[in-house]
2 protein chains.
Amino acid sequence: MGQARAPRADAVRNRKKILSAAGGQIAAHGPDVGMEEIAAAAGVAVGTLYRHFPTKTDLVAAVVGAHVSRVADDAEAAVGRVAAGARAADELTAFLGRVIELSVTDRAVKAAAQSLGAEPGDRADEDRAGRAVTALISAGRQDGDIHPDITVNDIYLIFSTAPIDQPEPARARWLTLVIPGLTTRARQEGD
Amino acid sequence: MGQARAPRADAVRNRKKILSAAGGQIAAHGPDVGMEEIAAAAGVAVGTLYRHFPTKTDLVAAVVGAHVSRVADDAEAAVGRVAAGARAADELTAFLGRVIELSVTDRAVKAAAQSLGAEPGDRADEDRAGRAVTALISAGRQDGDIHPDITVNDIYLIFSTAPIDQPEPARARWLTLVIPGLTTRARQEGD
DNA sequence: CATAAAGATGAATGCTGATTCAGGATAGAT
DNA sequence: ATCTATCCTGAATCAGCATTCATCTTTATG
């Protein structure tokens, strides 16, 4: 196969602007924003969107992918902290809280993800996140803090239900209500 | 105000057919089914839908309302059972499970409800359900089974996050993970 | 610079789906 | 049986949106 010609500088620039604008628009108005609006936000014409992403689904997938990548980074950082002595259960809880906030910022990323069904996506990032969370779980289990039968899938399950549409007091409360199911301890009065 | 003329018999009949068909279609294909499809399922022309419900939103709202009414009935039945000696915490848990299944059957009712924002709806049924759940909670608290700071809102919050799109093993698992946050006991090995 | 290839533009197209409304059918009162 | 207020029908209208494409620009190569 012949070496693919290097992309032009402006094309690279535009691709970034589009990705960023799409992220912003989807965050602000949900995955149903029009392509025209995304294009406008990116300071580009619709046609350009299509040059970079053959279809709207592809664009949304790219945005979701970026989000997944960010989550993976966060999870790996948490693992690093545990290696450095932090308590795994605490890191996991904090991670959950952060991911929720991230998802709120990137509002509707969840909806967007769902609107894609089980599309490909950069499987690599998903795996990266999965491995990190698994590490967190087994470390927590070792400490006796995390319920022995909890798996990554449970974490995914819980996450996929986070109330990102709810206003803030609710999201924190939700986390409080959900954590006991993952740990070995019942909720205390002070929670 | 003059007494409103009684509606014609066929109009009453059609309204029922429409409501039922709309429920079925929404359950089967989500709240995005076309009005034409609902009309077809009801054996009626589109125009008729509009005679009964000025807008699609109104129709969906009516369907959601019916669902809420059913949930309220279920909750009241649970309260009755508690009065007859059943353990409140168990009834509450079972109720949660049933509502999830109900929501799965009436699939996308949740999505439909969300697509309405905080629309009016038959406030009466909502209150009815609220009162029943409150009764269940305080009874459970009395028994010392339900965490003292749990409120109806917590129940709503949890519910609004039920993973009704997930296939069955997941829904049951979710319930298992979520219950400990409501009760005073940590999860046991056998859960 | 001159030129070709790559990229950008945005009006036009096509589709989907809600909503309307002029005309035809019915229920039910007299 | 007649009559009219209700109710129904469904083709037509309208609007929103993704996607296309003929045409114009810009980049980068020699």
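Labels below follow one simple rule: chain letters A, B, ... track the order of the sequence lines, proteins then strands, and each chain is numbered from 1. The analysis underlying the following values was restricted to heavy atoms, covering all of them including side chains, and did not include hydrogens, waters or symmetry mates.
The side chain of Tyr50(B) lies closest to dA18(C), out of dG28(C), dA18(C), dG7(C). The nucleotide whose nearest atom lies closest to any side-chain atom of Glu36(A) is, among dA12(C), dT9(C), dC7(D), dA12(C). The side chain of Met35(A) lies closest to dA18(D), out of dC7(D), dT19(C), dA18(D).
Residue-level contact check: Gly47(A) touches the bases, meaning some heavy atom is under 4.0 Å from a base atom. Heavy atoms of Val12(A) sit nowhere under 4.0 angstrom from any nucleic acid atom.
Note: CD1 (Ile18(B)) to P (dT9(D)) measures 9 Å, nearest angstrom. In this structure, Phe53(A) places its CZ atom 15 Å from C1' of dG7(C), rounding to the nearest Å. For Gln25(A) and dA18(D), the CD to P distance is 12 Å, given to the nearest whole Å. Atom pair Arg13(A):CZ and dT26(D):C1' shows a separation of 10 Å (rounding to whole Å applied). Put simply, CZ on Arg51(A) is 17 Å from P on dC24(D), counting in whole angstrom units. Distance Ile38(A) CD1 to dT19(D) C1': 14 Å, rounded to the nearest Å. Distance, Asp10(A) CG to dA6(C) P: 13 Å, rounded to whole Å. Atom NE2 in His29(A) sits roughly 12 Å away from atom P in dC17(D) (whole-Å rounding).
We find that Asp149(B) and Arg173(A) are joined by a salt bridge, their nearest charged nitrogen and carboxylate oxygen being less than 4.0 Å apart. Electrostatic pairing of Asp73(A) and Arg70(A) does not count as a salt bridge here, judged by no charged N lying under 4.0 Å from a carboxylate O.
Cation-pi geometry between Arg81(A) and Phe95(A) is not met at under 6.0 angstrom from the ring centre and within 45 degrees of the axis.
Between Gly43(B) and Gly34(A), it is Gly43(B) whose nearest contact on DNA chain D lies nearer the 5' terminus. Comparing Val44(A) and Lys56(B), the nucleotide of DNA chain C nearest to each residue sits closer to the 5' end for Val44(A).
Residue side chain Arg8(B) reaches the base of dT26(C) through a donor-acceptor N/O pair under 3.5 Å, judged by distance alone.
Close to dG7(C), at under 4.0 Å from its OP1 or OP2, lies no side-chain N or O of Asn14(A). OP1 and OP2 of dG7(C) both lie 4.0 Å or more from every side-chain N or O belonging to His52(A). A close approach under 4.0 Å does occur between a side-chain nitrogen or oxygen of Thr55(B) and OP1 or OP2 of dT19(C).
With hydrogens and angles ignored, the 3.5 Å screen pairs a side-chain donor or acceptor of Thr93(B) with a backbone N or O of Ala89(B). Here the side chain of Thr134(A) pairs a donor or acceptor atom with the backbone of Gly130(A) at under 3.5 angstrom.
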